[in-house]
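What follows is one structure encoded as structure tokens, with my remarks underneath.
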Amino acid sequence: MRPVHVCLAVLVAAVWGVNFVVIDVGLDHFPPLLFSALRFLVAALPAVFFVGRPKVAWKWIAGVGLALGVAKFGLLFVGMDAGMPAGLSSLVLQVQAVFTALFAAVALSERPGRVRVLGMVIALAGIGVAAVDEGAAGPLTAFALVVGAAACWGVSNVLTRKASPSDSLNFMVWVSTVPVLPLLGLSLLLEGPGRDAAALRSLDWQGAGIIVYVAWVTTVFGFGAWGFLLRRYPASTVAPFSLLVPVFGVSSAALVLGEPVSGPRWCAAALLVGGVALTSFGRGGRAVRPSGSAGVTGGHGPVPADPAAVPPPRTSASRTPSTASLPSPPS
């Protein structure tokens with residue numbers, strides 16, 4: 001990669017990592033479900049008028065929008081609001097790579113190879129260490145909600161693999177239109193119209209800036225830049241930069257929010273990042289071709305590190321990567 005593009009990849013990882021600190025601060029301004037709804041509303045508007053018409057079927061946009069926007073981000077924001085630390089959240093969400101591999105094995109008949117299975121075991125061991133550490137210092141319910149968010153992200157990855165969008169930014173902007181109304185409805189039902197109205201009435205410049213950051217900087221700029229890199233370089237060159245996201249997440253949370261990083265948490269971080277690396281970038285197994293269907297070709301290279309960015313359509317010189325290696329940015 002050219003040095004300027006290496007810097008761009010690191011910048012995107014930093015933007016996505018620091019986003020967990022921004023979310024943590026934003027939860028002081030907004031109820032979690034309303035906050036998530038505003039994030040997608042501002043990400044979709046006005047961008048939806050400039051990216052062109054959707055390039056995939058609406059069923060995939062709706063499916064990813066519900067799994068990623070409503071379920072994943074809803075659980076993440078509620079979990080962080082319930083006490084899950086920002087840095088630990090950025091780390092635990094990396095286990096989505098394990099869920100993606102498991103769901104792909106069931107839904108797409110993609111058999112993970114031995115290296116990926118080993119990576120899953122190591123990553124799950126990291127989750128166990130993190131759970132024990134968090135159980136001694138914070139609410140396990142919040143921890144479980146973030147693990148649930150990672151599972152929902154795995155579902156959205158498999159749906160994205162099925163959709164195979166050719167334009168990641170176009171896809172992500174249209175996906176952002178789906179969660180707005182469901183999240184607003186859930187917020188009114190669970191958080192109450194009074195709390196929502198109070199948050200909107202007290203909106204200040206800091207609150208507005210937080211919404212702009214999580215919507216335009218992390219979503220529009222982040223996915224646009226990541227898609228640009230993936231169009232210029234192989235996914236196996238770009239995707240490893242996604243492993244920097246929890247590094248920036250944990251370090252920025254420690255510096256800005258003063259979150260402590262204990263010995264067990266460092267151990268969990270090493271296990272999770274190492275396990276995810278093996279799960280994401282290890283050599284995959286062969287895909288099973290179901291009877292009476294076209295089947296899915298197994299691949300050996302990693303795919304993009306975001307839920308909407310996929311490699312260009314397969315040519316004679318390339319192979320379609322396996323969904324099991326679809327790591328995503330955690331925020």
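Counting begins at 1 with the first residue of the sequence. These figures come from a predicted structure and were not determined experimentally.
When hydrophobic clusters are built by joining Ile, Leu, Val, Met, Phe, Trp and Tyr residues whose side-chain heavy atoms come closer than 4.5 Å, directly or via intermediates, Val247 is not grouped with Leu278.
Although no hydrogens or angles enter the test, the distance criterion places a donor-acceptor pair under 3.5 Å between the side chain of Asn170 and the main chain of Arg53. Although no hydrogens or angles enter the test, the distance criterion places no donor-acceptor pair under 3.5 Å between the side chain of Ser36 and the main chain of Val70. Formation of a donor-acceptor pair under 3.5 Å by the Glu191 side chain with backbone atoms of Leu33 is found in this model. Looking only at distances, a side-chain donor or acceptor of Ser90 sits under 3.5 Å from a matching main-chain atom of Gly87. A distance-only check finds no donor-acceptor pair linking the side chain of Ser187 to the backbone of Leu183 [under 3.5 Å]. For Trp216 (side chain) and Val42 (main-chain N/O), a donor-acceptor pair under 3.5 Å exists by modelled atom type. Remark: side-chain polar atoms of Tyr233 are paired, donor with acceptor, to backbone N or O of Arg2 under 3.5 angstrom. In this structure, Glu259 contributes its side chain and Pro85 its backbone to no donor-acceptor pair below 3.5 Å.
The six-membered or imidazole ring of His5 lies near that of Phe228, with a centre-to-centre distance under 6.0 Å. Note: Trp60 and Trp174 fail the aromatic proximity criterion, with ring centroids not under 6.0 Å apart. Taking the centre of each ring, Trp16 and Phe221 stay at or above the 6.0 Å mark.
The aromatic rings of Phe40 and Phe73 sit perpendicular, their planes meeting at an angle over 60°, well past the 30° parallel limit.
A heavy-atom distance below 4.5 Å is found between the side chains of Phe143 and Met84. No side-chain heavy atom of Gln94 sits under 4.5 Å from any side-chain heavy atom of Val273.
In this structure, a donor-acceptor pair under 3.5 Å is absent between the side chains of Arg39 and Ser176.
To the nearest 0.5 Å, the span separating CG on Leu68 from OG1 on Thr160 amounts to 7.0 Å. Separating the CD1 atom in Ile210 from the CG atom in Leu38 is a distance of 11.5 Å, to the nearest 0.5 Å. Atom NE2 of His29 and atom CG of Leu200 lie 13.0 Å apart (nearest 0.5 Å). How far CZ of Phe103 is from CD of Gln96: 10.5 Å, rounded to the nearest 0.5 Å.
Annotation: Trp58, atom CH2; neighbour count of heavy atoms from other residues, nucleotides and ligands within 6.0 Å is above 12.
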